[in-house]
2 protein chains.
Amino acid sequence: MDVTEPAPPPTRAASKSAQTRQRILDAAAEVLSRKGYAGTRLSDVAAAAGVQAPAIYYYFASRDELVEEVMWVGAHRVRLHVEERLAAVPEDASPMDRLLVAVDAHLRYELQLSDYATASVRNAGHVPEQLRVRPAAEEALYSRLWRDLFVAAQQAGQVRADLDINIFRLLLLGAMNWVVEWWNPRTRSLDELVATAQGMVRHGAGVA
Amino acid sequence: MDVTEPAPPPTRAASKSAQTRQRILDAAAEVLSRKGYAGTRLSDVAAAAGVQAPAIYYYFASRDELVEEVMWVGAHRVRLHVEERLAAVPEDASPMDRLLVAVDAHLRYELQLSDYATASVRNAGHVPEQLRVRPAAEEALYSRLWRDLFVAAQQAGQVRADLDINIFRLLLLGAMNWVVEWWNPRTRSLDELVATAQGMVRHGAGVA
DNA sequence: GCACGATTCTAAGCCAGATTAGAGAATCTC
DNA sequence: GAGATTCTCTAATCTGGCTTAGAATCGTGC
């Protein structure tokens, strides 16, 4: 609630308290990513975090505040991850190369690394309006990142000039986001998925 | 609940009763498509249908049964619509042409014609397990339809031989389904969307 | 070992919203 | 137009699940 954290005690590395808060948040992300907003019981989250439900209220003002935080963290981290991966791309890489790296980073993060990202994506359109404000700001930044990647690629002549890159971008993000609805790591390889999605961009948007 | 309908009375064209049932179902589809499973109140549905909430129970055994029916109808109708459009394609059309018609049909139906389809797509992953059984059967049929389209196109040499058409198909359906999350008919033209999605297939999957 | 804040627990409280009961209106049958 | 049936309403009831109260426990500084 407050902008200031509850005055972290002498703040040793990771106080027990902070760890518990983290455990609750992680549990919420996990349950939310699996069961969705409607199906997420505070009691499930508590169980997964190894506490009783009321303990959650020591760290979060309400169920919705907890959910909002998960959503925001999810959106935020995906963006950071993709930005980091892009920052590591060699100077001489082409705009199209950067686009393909972004596809790779987005998919791998969403599927392997983060319940938060999955929770964020799956529930974005299903939580009450008020919970969308803060996460939406993150998503706007993320959208811009992708827009810039596409603009650069199109200006460099690596994306067809007649392509509507706004629509294409939204379709692509949709394709990648929807993956969380069907992906099963046991039946398919992540590498193949990434390669296919990259092909969708390289051929679908790239110049012949 | 029973397999047999409640013994349709002398069954004139559309009895008043059937109309009311229909109105409730339509209302449910509309609310579900807009607010999602979690946000759909039976009272909202009732209001939209112009009845009091308990009246719903005369036609449906429970909230969940109502939701299930909407989901099933949505999945069913999309499939029928796409099948109809495909049936109307000239004999001499190529497999790729048929694929593009399917893209067109799917998008237009989902965005213009049917709250049921939108409700079905948006909530598929958010309703409790038990509600997914019947709709899932429909979706399986629909999946097969698309698989067949892709197989035919690949065998005809119109889709790159090295493309994993299963993954590509799922990505494409995801891109199209996710459209309901961002589409705003006031800011973009449906024609452009369809054209861009078709381009994604023609270039993304098609032979160079 | 004691005092005190931080943390977590058990036991209620509380309420939105689904569902049921049962009375009343509408419609149909003859 | 009386009686039966279908349909819809008002007025409860019921319940899951969020939330609050307040007591117990834990940890730490002195």
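Only this structure's heavy atoms are used, side chains among them; waters, hydrogens and symmetry mates stay out. Numbers restart at 1 for each chain; the letters A, B, ... are given by sequence-line order, proteins then strands.
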Practice problem: May I ask you to verify if any side-chain N or O of B/Y58 is less than 4.0 angstrom from the OP1 or OP2 atom of D/dT8? | Solution: no
Quiz item: To the nearest Å, how far apart are B/R41 CZ and C/dT19 P?
Solution: 12 Å
Self-check item: Length of the line joining A/Y37:OH and D/dC18:P, which is rounded to integer Å
Solution: 9 Å
Quiz item: To the nearest Å, how far apart are A/Q52 CD and D/dT20 P?
Solution: 18 Å
Practice problem: Whole angstrom is fine here: how far is it from CG in B/D44 over to C1' in C/dA16? | Solution: 12 Å
Quiz item: Nearest-Å distance, CG (B/L66) to P (C/dG17)?
Solution: 16 Å
Self-check item: Atom pair distance, as rounded to whole Å: CD1 in B/I56 and P in D/dC7
Solution: 16 Å
Quiz item: Nearest to the side chain of A/A55 - D/dC18, C/dA21, C/dC9?
Solution: C/dC9
Quiz item: Looking only at heavy atoms, what is the nearest atom pair of A/V45 and A/A27, with distance?
Solution: O-CB, 3.5 Å
Quiz item: Under 4.0 Å: is that the gap between some side-chain N or O of B/Y59 and OP1 or OP2 of D/dT8?
Solution: yes
Self-check item: Rounded distance in Å - CZ (B/R21) to C1' (D/dC7)
Solution: 15 Å
Quiz item: Which residue, B/R147, B/R79, B/H106, forms the side-chain hydrogen bond (donor to acceptor under 3.5 Å, both in side chains) with B/Y142?
Solution: B/H106
Exercise. Mind calculating the distance between OH (B/Y57) and P (D/dT10) to the nearest angstrom?
Key: 16 Å
Quiz item: Is any side-chain N or O of B/T20 closer than 4.0 Å to OP1 or OP2 of D/dT8?
Solution: yes
Quiz item: Is the charged tip of A/R77 near the ring of A/Y116: under 6.0 Å from the six-membered ring centre and within 45° of its axis?
Solution: yes
Quiz item: Between A/H81 and A/Y109, does the ring centroid distance fall short of 6.0 Å?
Solution: yes
